[in-house]
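Below is one structure, written out as structure tokens, with a few remarks after it.
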Protein chains: 2
Amino acid sequence: MRIGELAAQAGMSRDTIRFYEKVGLVTGRRLANGYRDFPPEAVPWLHYVRTAQTLGFSLAEIARHGEELREAPDSAQALSVLFEQKIQVIDARMAELATLRAELATRVDTGCPLRAIGRPS
Amino acid sequence: MRIGELAAQAGMSRDTIRFYEKVGLVTGRRLANGYRDFPPEAVPWLHYVRTAQTLGFSLAEIARHGEELREAPDSAQALSVLFEQKIQVIDARMAELATLRAELATRVDTGCPLRAIGRPS
DNA sequence: CTTGACCTTGGACCGTACTCCACTGTTTAG
DNA sequence: CTAAACAGTGGAGTACGGTCCAAGGTCAAG
């Protein structure tokens with residue numbers, strides 16, 4: 001799969017994919033003519049990258065997670081550990097959001113002005 | 001309140017506060033000697049800025065919301081609307097997280113590698 | 001054999017959000 | 001009176017995440 005098709009499938013620009021390749025987020029082989037050739041798995045992987053990004057993970061973090069996965073690719077147990085770690089990160093993020101949500105919900109009821117927000121301990 | 005104390009109270013650097021003033025996120029008067037003088041409300045406001053930021057709002061958005069609030073400062077209802085909007089943003093983010101979490105949880109059980117993640121529709 | 005769509009590279013540029021620096025002025029404590 | 005601790009300014013630099021562009025190579029269709 002060449003870069004244009006991958007870009008279309010992943011919903012991002014060719015430039016972005018080249019940038020991602022540069023920072024190690026995607027890898028592909030080269031055809032004889034120098035064109036990049038990506039495997040079909042690149043499509044779901046890039047979708048995953050977008051998702052993780054909107055969840056607040058930096059490209060560096062995402063790349064690192066990807067490498068960890070590639071380093072222990074055949075151990076289902078190793079994979080499970082990694083997934084569990086990620087889930088913990090997600091749970092922490094969700095807890096933060098829940099706290100903020102509760103704070104805001106209180107203000108909705110009281111009409112308490114913004115200046116009083118975030119006045120914790 | 002001078003910039004150093006505000007920085008300490010708000011948990012950010014003086015430079016950051018000067019930067020925020022430059023982009024209109026905080027305003028303060030000036031003392032005779034040229035020093036900035038911030039009102040006490042600047043402290044919770046900056047805490048709020050930090051909060052909103054972690055929710056994914058850009059400084060420009062936060063500044064704009066702040067202006068909207070200053071334009072209708074005595075309407076508890078207007079405030080509630082804004083808070084409700086923010087809560088919706090939070091809920092959307094939490095839902096996304098829950099989705100990713102569920103995806104990952106599935107992989108934990110199956111040991112199915114990441115390349116199969118995000119293979120939607 | 002040209003046209004157009006695709007690909008390559010390197011490098012410049014952008015917006016966001018700071019962070020650091022040098023140099024200078026002000027205030028406060030001993 | 002002096003030294004430290006604070007304040008001011010302007011401007012450069014950083015990190016991240018792209019985005020755009022020019023100059024050129026490749027390939028399939030007409």
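Chain identifiers are assigned alphabetically (A, B, ...) following the order of the sequence lines, protein sequences preceding nucleic acid strands; residue numbering begins at 1 within each chain.
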Hey, what do you get for CZ (Phe57(A)) to OG1 (Thr51(A)), rounding to the nearest 0.5 Å? 11.0 Å

Got a second to check how far Thr27(A)'s OG1 is from Arg36(A)'s CZ, nearest 0.5 Å?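 Nearest 0.5 Å value for the OG1-CZ distance: 12.0 Å.
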
Any donor-acceptor pair under 3.5 Å between the side chain of Tyr35(A) and the base of dG25(D)? yes

What is the separation between atom [atom1] on [X] and atom [atom2] on [N], rounded to the nearest whole Å?
| X | N | atom1 | atom2 | value |
| --- | --- | --- | --- | --- |
| Arg2(A) | dC27(D) | CZ | C1' | 8 Å |
| Arg30(B) | dG8(D) | CZ | P | 6 Å |
| Glu5(A) | dA5(C) | CD | C1' | 15 Å |
| Arg14(A) | dA5(C) | CZ | P | 11 Å |
| Leu25(B) | dT16(C) | CG | P | 12 Å |
| Ile3(A) | dT9(C) | CD1 | C1' | 12 Å |
| Met1(A) | dC6(C) | CE | P | 15 Å |
| Arg50(B) | dT16(C) | CZ | P | 17 Å |

Walking DNA chain C from its 5' end, the first of Arg18(B) and Gln53(B) to be reached, judged by nearest nucleotide, is Gln53(B)

Could you check whether Arg36(A) gets within reach of a base, just the sugar-phosphate, or nothing at all, counting any heavy atom under 4.0 Å? sugar-phosphate

Indicate, with a heavy-atom threshold strictly under 4.0 Å, whether Asn33(A) touches base, sugar-phosphate, or nothing.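 Counting heavy atoms under 4.0 Å across all strands, the contact made by Asn33(A) is with sugar-phosphate only.
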
Nucleotide nearest Thr16(B) when distance is taken to its side chain, options dC21(D), dT8(C), dT19(C):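 The closest nucleotide is dT19(C).
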
Of all the choices, dC21(C), dA17(C), dG17(D), which nucleotide is nearest to the side chain of Phe19(A) once you look at every atom? dG17(D)

Contact check, side chains of Leu31(B) and Arg29(B), non-hydrogen atoms, under 4.5 Å: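 In short, these two side chains touch, coming nearer than 4.5 Å.
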
Verify, without hydrogens or angle tests, whether His47(B) (side chain) and Gln9(B) (backbone) share a donor-acceptor contact under 3.5 angstrom.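 At least one qualifying donor-acceptor pair exists.
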
Could Asp37(A) and Arg2(A) be called an ion pair, given the rule that one side-chain N must be under 4.0 Å from one carboxylate O? no

Can you tell me if Tyr20(A) touches the phosphate of dG18(D), counting only side-chain N or O atoms and a distance under 4.0 Å to OP1 or OP2? yes

